[in-house]
Protein chains: 2
Amino acid sequence: MARLAGVSEATVSRVLNGVGPIKEETRQRVLEAAAALHYVPSAIAQQFARRRSGNLGIILPLLPKVNLFATHYFSELLSGIGATAKQEGYDLLLFFQGHDEPRHYDRLFQAQKIDACIILGAQDVPAEREALKELHAASRAFCLISQRYEDEPYNTVDADHASGVRAAVKHLLEKGYERIGLLNGPSVYSNSRDRLEGFRQALAEQQLAASDAPVLIGNYSRKSGYSHADQVAMLIRKGELDAIVAGSDRMAIGLLQGLKEHGLTAGIHYGLVGCDDSEGSRLTDPALTSLTVPFYEAGSEAAARLLTSASDEEAESGFQLKLPVQLVVRGSSAVRPL
Amino acid sequence: MARLAGVSEATVSRVLNGVGPIKEETRQRVLEAAAALHYVPSAIAQQFARRRSGNLGIILPLLPKVNLFATHYFSELLSGIGATAKQEGYDLLLFFQGHDEPRHYDRLFQAQKIDACIILGAQDVPAEREALKELHAASRAFCLISQRYEDEPYNTVDADHASGVRAAVKHLLEKGYERIGLLNGPSVYSNSRDRLEGFRQALAEQQLAASDAPVLIGNYSRKSGYSHADQVAMLIRKGELDAIVAGSDRMAIGLLQGLKEHGLTAGIHYGLVGCDDSEGSRLTDPALTSLTVPFYEAGSEAAARLLTSASDEEAESGFQLKLPVQLVVRGSSAVRPL
DNA sequence: GTGAAAGCGCTAACAC
DNA sequence: GTGTTAGCGCTTTCAC
């Protein structure tokens, strides 16, 4: 105890935490003693006494081994969260959530392991809704990223996927493509629904009938894109399709590879746009036009809103952020030769 | 307090922790009461009383925004660590370490935030060595992944990069390539040194002079691979090189793209092998032959060794694991046409 | 087999 | 401004 070294008692606490009025001289004495003794306060005891853990929980889906969250999506998000959390004096506590496991999110709060939490990869399924409702009922500080529940007032941070897809379709039309299709992800993710909506809006704006525009559903994986190649090749050959927007870069890349086997090259025989502007978009030949999503900012915004509101005890009004998405044009959507 | 519901006192603790002899009947009573009251023990208080945090710290390098740890490397590692930690009842506490920031690793132990820790992306630089020495001096349970210090007895888990590169070189020679080069990473990483060693061994085994085999040094990024393309193209044109092993898939891919601009195609004009068997290796055209590294296993092994030894108070003997690496053959190292 | 009591190392009233 | 005094909610000797 540094109190021996100095002369005081709980004053040490005040000095170290910078609370209450302290005479500069004693402050110095305490600081010196602490330094001399290499004193490091026990975080465990502090947490206990303060009844707050100082931890920001992060719940992320445990995808099957390989390609877990390779998609640079989680990487960016985590970095953004981490930077802000550090700045606010919080540590990051990670929880992998198996898809089938019971979602005991609130238990993390009850156990006081975390003071706030960010949920990644939430799905629109009953078990998830239940778990979130519980959090909300208990007034927990939590936030969803990249997933919204239209009928619930939860805090969310998302990208404006609808605008993104609108921009993509507009771009393709300007490039001379005429029959645009969509390879979307499953509707348990709100961003899939957003993309569909953006797609329809874009067609409507151009007075194009959305009803006969091809919309295929995959699962966001490269494999899924690849497996749709046969069908897409047929549509292209029949003249019913000449460009496609995919809900993820991975699906786009799989599709691109599959169509190459059909002798169809992106940017020549058809136009292709992906989503996420992942590293992979730069690896294909031709490189993939994509929509860049500010994941880092999403993470840091989410953390900032949660953590600063946690310290303020003010009535926090909740938030539903929608971050802008931007088109990055590359070879896969080059001018269409007639 | 569940004690009201039941009748006992500290017995609750015993029941919930399954220690000491308990009459089955009281055990049931306590359990029922706990269930009825939705009792969840405070992790914070438990940690405090037990003087252990129950956290496994993970230190990972904070790389500049984009492509942070996209490389599936960290993803796999984290998943492996997470799975084992969960199984052992530990939570994961994440710390991003800026390259320039002071490395106060031991402070995490002093503050009792963590009971053990895994360090990813450690470099062989003085500040790092200093921080690790401090951990070792204080007998902390820690482990390095993918980095060894030859002169220090630290716990490590690594892949057998030397064998991997040997296998790669052998494979290329068998395919008919004759003048193999190496595009390596910087020697602050032990795996770079390992690869160089494996490379030299392989040449020596084949009675080839290692001295005039081209060895280039990049920094593991795609950009770095790309920027070596000019030099490599020249070597190929001069007949001084016809195949190359790159220290990472990303460098290999950058090189492949750069050489394509020189009109040189992997698998036709030259042979190419990468390292890590990342997702990107399947995206290039041709697909990239690579060395598959068991990152998931590395993570889970590291966690297992640390956490089981932490509970056993036995003399833990330390460990230096070397996991096997395997060659995955794809198009970039096809038979060389003469 | 179970209760009683001490205490983990801090913070936060409350006096002085 | 600073010391005194209670706990925070568990675990853990030690008796019984």
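By convention in this document, chain letters (A, B, ...) are assigned in the order of the sequence lines, proteins followed by strands, and residues within each chain are numbered from 1.
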Practice prompt. Quick one: list whatever passes salt bridge (charged side-chain N to carboxylate O under 4.0 Å, His left out) with A:E101, sequence neighbours left out.
Written response: B:K86
Pick out the pairs of N or O atoms, protein on one side and nucleotides 6-8 of chain D on the other, that lie under 3.5 Å.
unit_1 : atom_1 : unit_2 : atom_2 : d
D:dC8  : O4'    : A:R51  : NH1    : 3.1

Looking at [N], I'd like to know if its phosphate oxygens (OP1 or OP2) sit under 4.0 Å from a side-chain N or O belonging to [X].
X	N	value
B:Q46	D:dT11	yes
B:Y39	D:dG9	no
B:S42	D:dG9	no
A:S13	C:dT11	yes
A:T26	D:dT2	yes

Discussion item. Does anything in residues 42-59 of chain A form a salt bridge (charged side-chain N to carboxylate O under 4.0 Å, His left out)? List the pairs, not counting sequence neighbours.
Written reply: A:R52-A:D115
Practice prompt. Give every residue pair that meets the salt bridge (charged side-chain N to carboxylate O under 4.0 Å, His left out) criterion with at least one member in residues 125-134 of chain B, sequence neighbours excluded.
Written response: B:R103-B:E128, B:D124-B:R129, B:R129-B:D151
Practice prompt. Please name all residues satisfying side-chain contact (heavy atoms from CB on, under 4.5 Å) with B:A49, sequence neighbours left out, ordered by chain then number.
Written response: none
Item to complete: For B:P324, enumerate each residue passing the side-chain contact (heavy atoms from CB on, under 4.5 Å) test, keeping only those at least two apart in sequence or located in another chain.
Response: none
Discussion item. Taking the nucleotide of DNA chain C with the nearest heavy atom to each, does B:R27 or A:T11 sit closer to the 5' end?
Written reply: B:R27
Fill in: Donor + acceptor pair across side chains of A:E32, A:Q28 (<3.5 Å)
no
Item to complete: Check whether the side chains of B:Q147 and B:S190 place a donor and an acceptor atom closer than 3.5 Å, and report yes or no.
Response: yes
Worksheet item: From the list D:dT2, D:dT12, D:dC10, which nucleotide is the closest neighbour of the side chain of A:P21?
Response: D:dT2
For [X] and [N], what is the distance between atoms [atom1] and [atom2] respectively, to the nearest whole Å?
X	N	atom1	atom2	answer
B:E24	C:dT2	CD	P	10 Å
A:K23	D:dG1	NZ	C1'	7 Å
B:L16	D:dT11	CG	C1'	12 Å
A:I44	C:dC8	CD1	C1'	10 Å
B:N17	C:dG1	CG	C1'	17 Å

Worksheet item: With a 3.5 Å cut-off and just heavy-atom distances, do the side chain of A:R14 and the base of D:dG3 make a donor-acceptor pair?
Response: yes
